[in-house]
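Inspection log for the structure reproduced underneath, given as structure tokens.
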Amino acid sequence: PRLQQDNAPVDMAIGEYLQRQPGRFPGAGWRIEQYLRRLLQCGKKFREDGGNRQLGHEWLRRLTFAGKHCSILIIHYRVSIMSEPKRLFFALELPAEAQRQIVHWRAANFAEDAGRPVAADNLHLTLAFLGEVSADKQRALAALAGRIHQPGFTLTLDDAGQWLRSRVVWLGTRRPPRGLLQLASLLRAQAARSGCYQSPQPFHPHITLLREARHAVPIPPPGFSWTFAVSEFVLYESRFSRGRTRYTALERYPFNKES
């Protein structure tokens with residue numbers, strides 16, 4: 001209705017909208033904001049010309065043209081969001097106390113320029129990486145994971161090392177428990193059968209401590225150790241937002257206590 005009024009303050013409405021919606025439309029959505037800003041310019045031009053009827057018709061023609069394209073873009077954006085695949089992986093979550101202790105140990109034993117520290121909330125032990133997964137495949141993989149029945153196990157983190165080729169400093173275990181190896185094998189097999197590529201390299205359970213470690217760094221001598229009970233595994237989503245990677249737990253799968 002505002003657009004049907006003479007000298008409608010469209011630019012104010014659009015300006016207020018853009019201020020309320022900062023960064024609301026990532027990706028293709030930036031084109032929507034471009035159209036909205038174009039409408040803002042048209043509105044100012046219309047008022048500067050004193051509401052001239054002929055120029056007003058031209059302004060409305062541009063408004064209608066841009067509005068149609070804006071609507072198409074919004075619909076396209078919504079559809080793309082609904083069908084957008086997610087970057088998923090199965091992993092073990094570290095207890096909060098173990099996270100805190102490991103972060104302090106890392107800070108005390110590695111120089112600041114050794115590499116980029118992984119955020120405490122992102123410390124985890126990957127069981128199976130799934131990659132970009134559609135909603136249908138996610139449901140199928142989640143259902144398969146829910147059928148896994150095995151007892152919990154105890155995990156001891158007492159080993160560390162560096163992979164120069166991948167520029168990673170890691171924390172691991174000298175003696176992986178049988179339950180950990182069995183769980184990873186099942187999840188990776190299910191993922192492979194569902195079309196998710198799995199590396200042919202043997203499973204090496206580890207927690208990434210530092211990334212972008214471009215040069216060899218001194219590894220602390222043996223003597224460090226963290227032991228905790230593992231009672232579940234988690235399906236995570238990995239998303240890059242506002243300059244950092246965030247891992248969000250989507251589903252949790254408790255182990256069968258009676259097994």
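Because the structure is a prediction, the values reported are computed rather than measured. Along the sequence shown, residues carry numbers from 1.
- Using a 4.0 Å cut-off between charged side-chain N and carboxylate O, Arg252 and Glu232 make a salt bridge.
- Atom OG1 of Thr173 sits about 13.0 Å away from atom NE2 of His206, to the nearest 0.5 Å.
- Pro177 and Leu155 get closest at one heavy-atom pair: CD-CD1, 3.9 Å.
- Environment of CZ in Arg246: crowded, with over 12 heavy atoms of neighbouring residues, nucleotides or ligands closer than 6.0 Å.
- Relative ring orientation between Phe224 and Trp105 is described as tilted, the plane-to-plane angle lying within the 30° to 60° band.
- Atom-to-atom distance recorded for Ile102:CD1 and His104:NE2 is 11.5 Å, nearest 0.5 angstrom.
- Note on Leu127: it does not cluster hydrophobically with Tyr236, by side-chain heavy-atom contacts below 4.5 Å among ILVMFWY residues.
- When the side chains of ILVMFWY residues are joined at heavy-atom separations under 4.5 Å, either directly or via intervening members, Leu235 and Phe129 end up in two distinct hydrophobic clusters.
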Are Phe90 and Thr126 close enough, and set up right, to give a side chain to side chain contact (heavy atoms under 4.5 Å, CB included), and what steps lead you there? CA-CA 6 Å; Phe90 286 107; Thr126 300; over 6 Å; no
For Val217 and Val169: C-alpha separation, side-chain torsions, deciding distance, then whether side chain to side chain contact (heavy atoms under 4.5 Å, CB included) applies. CA-CA 8 Å; Val217 299; Val169 174; 3.7 Å; yes
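- The CG atom of Asn109 lies 10.5 Å from the CG atom of Leu209; values are rounded to the nearest 0.5 Å.
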Could you walk me through whether Glu132 and Arg87 pass salt bridge (Lys or Arg N to Asp or Glu O under 4.0 Å), step by step? CA-CA 4 Å; Glu132 301 292 333; Arg87 191 175 179 84; 3.6 Å; yes
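- Between Gln162 and Val168, the closest side-chain pair of non-hydrogen atoms is not below 4.5 Å.
- A pairwise comparison of heavy atoms in Ser238 and Phe89 identifies CB-CE2, 4.1 Å as the closest pair.
- Gln150 places a side-chain N or O within donor-acceptor distance of the main-chain N or O of Gly179, the cut-off being under 3.5 Å.
- In Glu97, the CD atom is crowded: over 12 heavy atoms of neighbouring residues, nucleotides or ligands sit closer than 6.0 Å.
- Note on Leu171 and Ile219: same hydrophobic cluster, where clusters join Ile, Leu, Val, Met, Phe, Trp and Tyr whose side-chain heavy atoms are under 4.5 Å apart, directly or indirectly.
- Residues Leu210 and Val118 fail the side-chain proximity criterion, which asks for heavy atoms closer than 4.5 Å.
- Pairing each heavy atom of Leu123 with each of Gln99, the nearest pair is O-NE2, 3.9 Å.
- The backbone N or O of Arg174 lies less than 3.5 Å from a partner atom in the side chain of Asp158, making a donor-acceptor pair.
- Using a 4.5 Å heavy-atom cutoff, the side chains of Phe153 and Arg178 are not in contact.
- Listed here is the closest heavy atom pair of Ser134 and Pro85: N-CB, 4.2 Å.
- How far CD of Glu251 is from CG of Leu88: 10.0 Å, rounded to the nearest 0.5 Å.
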Under the side chain to side chain contact (heavy atoms under 4.5 Å, CB included) rule, what do Leu250 and Glu237 come out as? Steps first, then yes or no, please. CA-CA 7 Å; Leu250 300 182; Glu237 178 185 6; 3.8 Å; yes
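- Counting only heavy atoms from C-beta outward, the side chains of Thr227 and Leu157 never approach each other to under 4.5 Å.
- The two residues Gly152 and Phe255 come nearest to each other via the heavy atoms CA-CD1, 3.5 Å.
- When hydrophobic clusters are built by joining Ile, Leu, Val, Met, Phe, Trp and Tyr residues whose side-chain heavy atoms come closer than 4.5 Å, directly or via intermediates, Ile207 is grouped together with Phe228.
- In this structure, Ser225 OG and Asp159 CG are separated by 11.0 Å, a value rounded to the nearest 0.5 Å.
- A continuous path of hydrophobic side-chain contacts links Ile148 to Leu181 [ILVMFWY only; heavy atoms under 4.5 Å].
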Gln138 and Lys86: CA distance, side-chain angles, deciding distance, side chain to side chain contact (heavy atoms under 4.5 Å, CB included) verdict: CA-CA 8 Å; Gln138 176 184 340; Lys86 296 178 181 179; 3.6 Å; yes
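- More than 12 heavy atoms of other shown residues, nucleotides or ligands fall within 6.0 angstrom of atom CZ in Arg244.
- For the pair Cys196 and Lys137, the tightest heavy-atom approach, listed with the atom from each and the gap, is SG-CD, 3.9 Å.
- Residues Tyr247 and Asp121 form no side-chain contact, since every pair of their non-hydrogen atoms from C-beta on lies 4.5 Å or further apart.
- Once rounded to the nearest 0.5 Å, the distance linking CG of Leu144 with CZ of Arg147 reads 5.5 Å.
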